[in-house]
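Inspection log for the structure reproduced underneath, given as structure tokens.
Start at 1 and go down the list; that is how both ligands and their atoms are numbered.
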Amino acid sequence: MANTIKICDLLERLSTLFRNEVRQAGLSHGLHPVHLEVLFYLNRCNLFSDTPAAVKDFLGATKGTTSQSITLLENKGYLTKTKDTQDKRVYHLSLTDAGRKIADQTMPPPSLRQALDRCSNDENSTLEQQLEALLIDIQMETRNVSFGLCKTCIYHAPKNQTLFLCQLTQKELPRKFGELICREHQLKVINNNGT
Ligand code: SF4
């Protein structure tokens, strides 16, 4: 409890440095932070989460802001829209090679990448676990548990070395999709014994 303010200060300072670096990187491409956020999200989300509505919910932005950002990125050639094959009212967003290049170059920011490169694998692994546990705890506390990493979802059922079954959609998907963000994500409740 006594460390709460110190930890809060550190997280706040880190996030400010993080945002400033991302903002600077965006300016060199004529993009505002919200535009970069859209690129980062689309670079990390799965096929159930690539719609404008999902982008809006992930960013916590208004429909108007999200729509303007998507139009600007489309006009700059950083993303494309494709109509859903089942529901013509819905369309999916995907990054072009140019959009993906910006997202890959700017996220993670170089300073964070270099700092983590200087740490050992064990240190990085410990940091990841602690941050993940903190995030899950806060998501559960605030009942804001969507947009999690697919492989941590209650519906994620590995089948073999290359595939898993999404038990929600009953689709078989490549194992590497487990590393993507999904708006349908439901958190697995982990007991103290780790099961
Ligand atoms: S397993 Fe969960 S997170 Fe993964 S695709 Fe299915 S619903 Fe989304």
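- Counting only heavy atoms from C-beta outward, the side chains of Glu184 and Thr169 never approach each other to under 4.5 Å.
- Considering only heavy atoms from C-beta on, Leu173 stays 4.5 Å or farther from Leu163 through its side chain.
- Gly178 approaches His156 most closely through the heavy-atom pair CA-CE1, 3.9 Å.
- Remark: minimum distance from atom 6 (Fe) of ligand 1 to any protein heavy atom is reached at Cys166 SG, 2.3 Å.
- Shown in contact with Asn46 at under 4.0 Å from a heavy atom are these atoms of ligand 1, numbered in order with element: 5 (S).
- If you look at Phe48 next to ligand 1, the close heavy atoms, those under 4.0 Å, all belong to the side chain.
- Around atom NZ of Lys101, no more than 12 heavy atoms belonging to other residues, nucleotides or ligands sit under 6.0 Å away.
- Contact annotation: Thr169 has no heavy atom less than 4.0 Å from any atom of ligand 1.
- In terms of protein heavy-atom proximity, atom 2 (Fe) of ligand 1 is nearest to Cys153 SG, 2.4 Å.
- In this structure, His35 contributes its side chain and His32 its backbone to a donor-acceptor pair below 3.5 Å.
- For atom 8 (Fe) of ligand 1, the set of nearby N, O or S atoms under 2.8 Å includes none belonging to Cys150.
- Residues Arg13 and Ser15 are not in side-chain contact: their nearest non-hydrogen atoms beyond the backbone lie 4.5 Å or more apart.
- Counting only heavy atoms of the protein, atom 8 (Fe) of ligand 1 lies nearest to Cys182 SG, 2.4 Å.
- Residue Ile154 does not touch ligand 1, judged by heavy-atom distances below 4.0 Å.
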